[in-house]
Amino acid sequence: MPELPDVESFRRYMEASALKKTITDVKANSKSVLAGITLSALKKKLIGKKIKSVSGYGKFLFAQTNDNEYLAMHFGMTGFLNYYKNKEEAGKYIRFQIDFENGYHLGFDDRRKLGHIYFTENLKEFFKKKKLGVDPIRENIDYKRFKELVEGKKGTVKSVFMNQEIMAGIGNIYSDEILFQSKIHPEYPFEKLEEKDLKLLFKKMKNILQLAIDKDAEPDELPENFLLHYRKPGKDCPVCSGTIERVTIGGRSSYFCNKHQRLVK
DNA sequence: AATATTGTTCAGCA
DNA sequence: GTGCTGAACAATAT
């Protein structure tokens with residue numbers, strides 16, 4: 001589930017496994033996995049180098065080399081990392097792989113091939129090119145900053161939270177969760193929100209993302225009454241007597257409670 | 001067998 | 001310029 005909390009767990013995983021080891025080879029098994037760089041160019045950038053640090057921003061993960069350049073990863077819908085030694089431990093859908101001097105490999109596993117690998121010399125430039133908005137967690141934004149970011153935004157509440165150009169990192173699952181816990185319908189017009197709604201949304205956004213990060217983005221570790229355990233039409237709402245319904249926004253399924261998330265106030 | 005899926009991007013349209 | 005919709009990308013899982 002590669003939204004912000006998931007990417008943060010990948011960051012820790014990579015930090016714990018792939019740091020400070022000399023890279024001996026780089027492989028790409030899928031035509032579409034590399035974006036904006038060829039395999040031969042990437043090899044020149046990585047072989048013989050080490051990863052110095054790993055950082056996250058929005059749904060991107062960045063591995064900084066000792067040349068102060070960055071391998072950037074976006075995990076699409078089904079991507080994750082797998083550090084392993086023996087072939088038997090390799091994931092089923094490894095699209096990209098880094099080999100280390102110690103005989104271990106870091107695999108980029110991505111069943112649906114919607115993830116991409118980039119390389120950049122400059123993070124700021126990369127953010128700009130990707131039109132990446134502010135990461136609410138990594139920048140630890142306060143309410144004032146949040147208000148500035150969403151000032152004047154139109155469209156549905158859900159689409160504003162999903163829009164990576166406004167704030168980076170929140171996807172379908174966590175935007176639904178934030179709205180569910182804030183008791184706001186996903187199709188409610190953003191511009192009609194009152195100050196108290198905005199305050200609640202901000203608070204829930206911070207709380208939910210931080211809790212998910214603390215729990216390593218493991219759904220089983222998150223509270224039983226979170227919507228993410230009930231993403232199916234007809235399920236009983238875990239916090240009231242309502243029923244979970246589904247509506248399509250921006251081509252994605254939004255789940256919400258038909259009783260405590262009202263479209264008309 | 002039909003339908004749904006954690007993401008991004010782009011064309012077309014109002 | 002804004003926002004919405006659908007399609008494309010791709011491969012399962014239920």
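Below, chain A is the first sequence line, B the second, and so on; all start at residue 1.
- Taking the six-membered ring where tryptophan is involved, the planes of A/Tyr83 and A/Phe100 are tilted, since the angle between them lies from 30° to 60°.
- Taken residue by residue, residues 117-126 of chain A places no heavy atom nearer than 4.0 Å to DNA chain B.
- Contacts of A/Gly251 with the nucleic acid, taken as non-hydrogen atoms under 4.0 Å apart, are absent.
- If you take CD1 of A/Ile173 and P of B/dA4, they are 15 Å apart, rounded to a whole angstrom.
- Summarising the geometry, the separation between CE on A/Met162 and C1' on B/dT8 is reported as 10 Å, rounded to the nearest angstrom.
- Distances shorter than 4.0 Å separate some side-chain N or O of A/Ser159 from OP1 or OP2 on C/dC4.
- B/dG7 atom P lies 15 Å from atom NZ of A/Lys130, rounded to whole Å.
- In terms of heavy atoms, A/Ile213 sits closest to A/Leu4 at CD1-CD2, 3.7 Å.
- By the 4.0 Å N-to-carboxylate-O rule, A/Lys45 lies too far from A/Asp67 to be salt-bridged with it.
- A salt bridge between A/Glu15 and A/Lys20 is absent, with no side-chain N of the basic residue lying under 4.0 Å from a carboxylate O of the acidic one.
- A straight line from CZ of A/Phe190 to P of C/dG3 spans 11 Å, rounded to a whole angstrom.
- Contact check on A/Lys49 versus A/Glu69 returns no salt bridge, with no Lys/Arg side-chain nitrogen under 4.0 Å from an Asp/Glu carboxylate oxygen.
- For A/Asp99 and A/Lys27, the salt-bridge test passes: some basic side-chain N is under 4.0 Å from an acidic carboxylate O.
- The pair A/Asp216-A/Arg12 meets the salt-bridge criterion, with a side-chain N (NZ, NE, NH1 or NH2) lying under 4.0 Å from an Asp/Glu carboxylate O.
- Of the charged side-chain nitrogens involved, none lies within less than 4.0 Å of a carboxylate oxygen, so that A/Lys153 and A/Glu191 do not count as a salt-bridged pair.
- A/Lys232 and A/Tyr255 share no side-chain donor-acceptor pair at under 3.5 Å.
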### Message
Let me check I have this right: for DNA chain B, each base becomes ., (, ), [, ] or |, based on Watson-Crick or G-U pairs with both distances under 3.5 Å. What is the full string?
### Response
.||||.||||||||
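- The one candidate from A/Glu177, A/Glu3, A/Lys158 that meets the side-chain hydrogen bond (donor to acceptor under 3.5 Å, both in side chains) condition with A/Asn172 is A/Lys158.
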Which pairs would a plain distance check flag for residues 234-246 of chain A, meaning a side-chain donor or acceptor within less than 3.5 Å of a matching protein atom at least two apart in sequence or in another chain?
residue	atom	partner	partner atom	Å
A/Ser241	OG	A/Lys259	NZ	2.5
A/Glu245	OE2	A/Asn258	ND2	3.0

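- Of the charged side-chain nitrogens involved, none lies within less than 4.0 Å of a carboxylate oxygen, so that A/Lys85 and A/Glu89 do not count as a salt-bridged pair.
- Regarding contacts with the backbone of B/dT8, a side-chain N or O of A/His74 is found under 4.0 angstrom from either OP1 or OP2.
- A/Glu218 and A/Lys215 are not joined by a salt bridge, as no carboxylate oxygen comes within less than 4.0 angstrom of a charged side-chain nitrogen.
- Between A/Ser253 and the phosphate of B/dT5, there is a side-chain N or O to OP1/OP2 separation shorter than 4.0 Å.
- Spacing between atom CG of A/Leu132 and atom P of B/dT8 amounts to 9 Å, rounded to whole angstrom units.
- Taken residue by residue, residues 148-157 of chain A places heavy atoms nearer than 4.0 Å to DNA chain C at A/Lys154, A/Gly155, A/Thr156.
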### Query
In B/S/- notation, 5' to 3', how is nucleotides 7-14 of chain C contacted by protein heavy atoms closer than 4.0 Å?
--BBBS--
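- Spacing of P atoms, C/dG1 relative to B/dA11, comes out at 15 Å, to the nearest Å.
- Per the geometry, CZ belonging to A/Phe80 stands 17 Å off C1' belonging to B/dG7, to the nearest Å.
- With sequence neighbours left out, A/Tyr57 forms a side-chain hydrogen bond (donor to acceptor under 3.5 Å, both in side chains) with A/Glu139.
- When the P atom is compared between B/dT3 and C/dA7, the two are found 14 Å apart, to the nearest whole Å.
- Checked for salt-bridge contact, A/Arg231 and A/Asp176 meet the test: a charged N lies under 4.0 Å from a carboxylate O.
- Distance CD (A/Gln164) to P (B/dT9): 9 Å, rounded to an integer number of Å.
- If you take atom P in C/dT12 and the same atom in B/dT8, they sit 22 Å apart, rounded to whole Å.
- A gap of 23 Å separates the P atoms of B/dA1 and C/dA10, to the nearest Å.
- Residue contacts shown for A/Tyr255 are limited to sugar-phosphate atoms, with no base heavy atom under 4.0 Å away.
- Rounded to whole Å, the distance from CZ on A/Arg252 to C1' on B/dT9 is 13 Å.
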